[in-house]
Number of protein chains: 2
Amino acid sequence: MVNGGKRSGRPRAGEERLSRDAILTAALGIVDDEGIDALTMRRLAATLKVNPMSLYHHLPNKAAVLAGLAELVFAGLELPDPGDAVPWDEQLKQAARAYRDGLRQHPNLALQVLSDASAVSDVVVVTMEPFYRALDRAGLAPREIFEAANTLIDFIHGFSLGEASVRAETFELAPDLLTRVRALPAHKAPTLSRIVNDLGADGLAYDFDSGFESGLSTLTAGIAATVRRR
Amino acid sequence: MVNGGKRSGRPRAGEERLSRDAILTAALGIVDDEGIDALTMRRLAATLKVNPMSLYHHLPNKAAVLAGLAELVFAGLELPDPGDAVPWDEQLKQAARAYRDGLRQHPNLALQVLSDASAVSDVVVVTMEPFYRALDRAGLAPREIFEAANTLIDFIHGFSLGEASVRAETFELAPDLLTRVRALPAHKAPTLSRIVNDLGADGLAYDFDSGFESGLSTLTAGIAATVRRR
DNA sequence: TCCTTATCCATACGTTGTACGATTATGTAC
DNA sequence: GTACATAATCGTACAACGTATGGATAAGGA
């Protein structure tokens with residue numbers, strides 16, 4: 001045994017260094033600190049002071065690590081429920097804001113989380129309860145509730161994806177839509193050019209927060225219209 | 001030269017086998033046929049009957065290949081514009097449907113396309129013109145047009161992401177939301193459970209197309225509410 | 001003609017995910 | 001206690017990956 005002091009073989013009881021949770025927590029740390037590309041099985045093992053192959057006793061492969069991370073992020077979500085103290089649309093908005101905030105906590109994982117359909121575990125399902133409660137209070141039919149919830153969630157996902165993508169582009173200052181449109185020959189997109197130039201007059205800088213609020217307002221107004229039609 | 005018949009060095013005029021476009025087209029074929037993971041520089045070179053390193057004369061690295069693919073997909077988009085022949089909301093919906101259809105043409109690329117912010121090239125910007133035209137006709141203020149367009153696009157992105165993710169899960173039959181909720185202890189999400197069970201009575205199977213239409217209707221209704229408030 | 005530049009090829013390096021098998025401890029059955 | 005299946009770790013090794021470096025050949029302008 002030319003093992004440099006390291007022990008090989010099963011650790012003594014209580015001395016196990018690994019567990020699924022410990023591995024995922026370490027992985028989350030790496031991703032948060034250094035980005036998703038920094039997460040390699042070797043790096044992860046080194047962080048845990050363990051041989052790379054030991055990880056495979058707890059997780060079948062790297063894909064499982066990534067899926068586990070997505071699961072972790074969802075598990076960390078906590079959507080508030082103000083209950084009947086506020087109107088249904090405000091209740092819905094609060095849940096939506098909390099959902100977006102949860103996704104923003106780990107921006108380097110956004111892509112993984114949003115695209116991992118297998119992360120649709122019980123955790124995720126339970127997360128949606130507040131949306132359903134608010135929509136139920138609004139007085140929609142079951143099918144309408146289902147569809148409205150999906151629409152809202154899709155909007156949040158799309159918004160979060162955009163937000164995460166732009167933030168990830170650190171190596172090149174994000175060429176934002178506004179400046180790009182101004183550089184465009186107007187005849188290729190006349191309406192777009194005119195609108196964006198009008199905007200520029202107001203000295204507008206795009207702001208994610210107000211963009212999100214605007215989307216929420218449009219959606220709740222649309223849902224309210226459905227309610228009124230009944 | 002132990003070169004097995006292959007010529008090395010610059011090809012004769014008119015015999016060039018590579019170009020940025022040829023490479024990207026081949027790459028798109030691989031991704032469409034076998035998924036994004038099948039796309040390696042070596043595989044791509046083999047498809048083109050070329051040495052892997054030759055690719056680097058036309059594209060700086062693999063990331064550039066992926067970005068180029070995203071660009072290709074956007075370039076393939078064609079949003080119709082029925083013009084004033086239909087109401088503004090129908091005009092808006094038609095553009096949205098075309099946009100979704102375009103993204104669906106290459107499901108294996110959806111994630112790449114949607115997350116590649118640098119794909120926001122002139123092509124993408126021009127693509128948005130029909131949205132702006134419809135919203136302009138609706139009678140919104142510039143800022144409202146800008147925000148409504150973003151909201152609609154975010155919804156389409158989120159929807160497409162979900163659609164692509166589910167379809168990609170071929171190795172495991174997608175455990176869809178409905179069946180999963182039914183297996184859930186009701187007390188963990190009472191409203192959700194009740195709603196979904198009511199849905200089940202109708203024998204509902206989730207359908208992406210109707211889900212998309214529902215989202216479009218909610219959004220246009222919300223935008224119409226903004227118009228009315230002016 | 002000479003020189004620069006464009007296009008393609010061969011070799012090679014470091015890194016990655018992980019298959020395989022060895023090693024040591026635990027927990028259960030006798 | 002002794003035997004044995006199982007669990008947790010480590011060491012070695014391999015194929016595949018992206019790409020750096022440098023060489024070969026031809027194109028095209030000076």
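In the text below, chain A, chain B and the rest are named by the order of the sequence lines, each starting its count at 1.
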Check: Within this structure, what is the CD1-to-C1' distance between B:Ile23 and C:dT7, rounded to whole angstrom?
Finding: 11 Å
Checklist line | side-chain N/O A:Ser54 vs D:dC10 OP1/OP2, d < 4.0 Å | finding: yes
Next item on the list: Could you check how far CG of B:Leu66 sits from P of D:dT19, rounded to whole Å?
Entry: 10 Å
Which donor-acceptor pairs under 3.5 Å do side chains of residues 24-31 of chain A form with protein atoms, sequence neighbours excluded?
from: A:Thr25; atom 1: OG1; to: A:Asp21; atom 2: O; distance (Å): 2.8

Enumerate all atom pairs, one protein N or O and one N or O from nucleotides 17-19 of chain C, separated by less than 3.5 Å.
from: C:dG17; atom 1: OP1; to: A:Lys62; atom 2: NZ; distance (Å): 2.6
from: C:dG17; atom 1: OP2; to: A:Met41; atom 2: N; distance (Å): 2.9
from: C:dG17; atom 1: N7; to: A:Arg42; atom 2: NH1; distance (Å): 2.5
from: C:dG17; atom 1: O6; to: A:Arg42; atom 2: NH1; distance (Å): 3.4
from: C:dG17; atom 1: O6; to: A:Arg42; atom 2: NH2; distance (Å): 3.1
from: C:dT18; atom 1: OP2; to: A:Tyr56; atom 2: OH; distance (Å): 2.9
from: C:dT18; atom 1: OP2; to: A:Lys62; atom 2: N; distance (Å): 2.9

Check: Does a side-chain N-to-carboxylate-O contact under 4.0 Å join B:Lys93 and B:Glu213?
Finding: no
Next item on the list: Using atom NZ of A:Lys49 as one end and atom P of D:dT9 as the other, report the distance to the nearest whole Å.
Entry: 15 Å
Margin query: How long is the straight-line distance from OG1 of A:Thr191 back to CD1 of B:Ile145, given to the nearest 0.5 Å?
Written below: 8.5 Å
Notebook entry, point to check: What's the CG-C1' distance between B:Leu59 and C:dT7, to the nearest Å?
Noted result: 14 Å
Check: Counting side-chain heavy atoms from C-beta on, which of C:dC8, C:dA10, C:dT5 comes nearest to B:Arg17?
Finding: C:dC8
Checklist line | Contact check, side chains of B:Arg100 and B:Phe208, non-hydrogen atoms, under 4.5 Å | finding: yes
Check: Within this structure, what is the CG-to-C1' distance between B:Asn51 and C:dC9, rounded to whole angstrom?
Finding: 5 Å
Checklist line | A:Leu44 side chain reached by A:Thr40 side chain, heavy atoms, under 4.5 Å | finding: no
Item checked: Rounded distance (Å) that lies between atom C1' of C:dA6 and atom CG of B:Leu55 -> 16 Å
Exercise answer: donor-acceptor pairs, residues 55-68 of chain A side-chain atoms, under 3.5 Å, sequence neighbours excluded:
from: A:Asn61; atom 1: OD1; to: A:Ala63; atom 2: N; distance (Å): 3.2
from: A:Asn61; atom 1: OD1; to: A:Ala64; atom 2: N; distance (Å): 3.0
from: A:Lys62; atom 1: NZ; to: A:Leu39; atom 2: O; distance (Å): 2.8

Check: Whole-Å distance between C:dT7 P and B:Asp21 CG?
Finding: 13 Å
Check: Does a salt bridge link A:Arg43 with A:Glu34, judged by any charged N lying under 4.0 Å from a carboxylate O?
Finding: yes
Margin query: Taking the minimum atom-to-atom distance to the side chain of B:His58, which one of C:dC9, C:dC8, D:dA8 wins?
Written below: C:dC8
Checklist line | Distance, rounded to the nearest Å, where A:Asp37 contributes CG and D:dC17 contributes P | finding: 18 Å
Check: B:His57 side chain N/O closer than 4.0 Å to the phosphate oxygens (OP1, OP2) of C:dT7?
Finding: yes
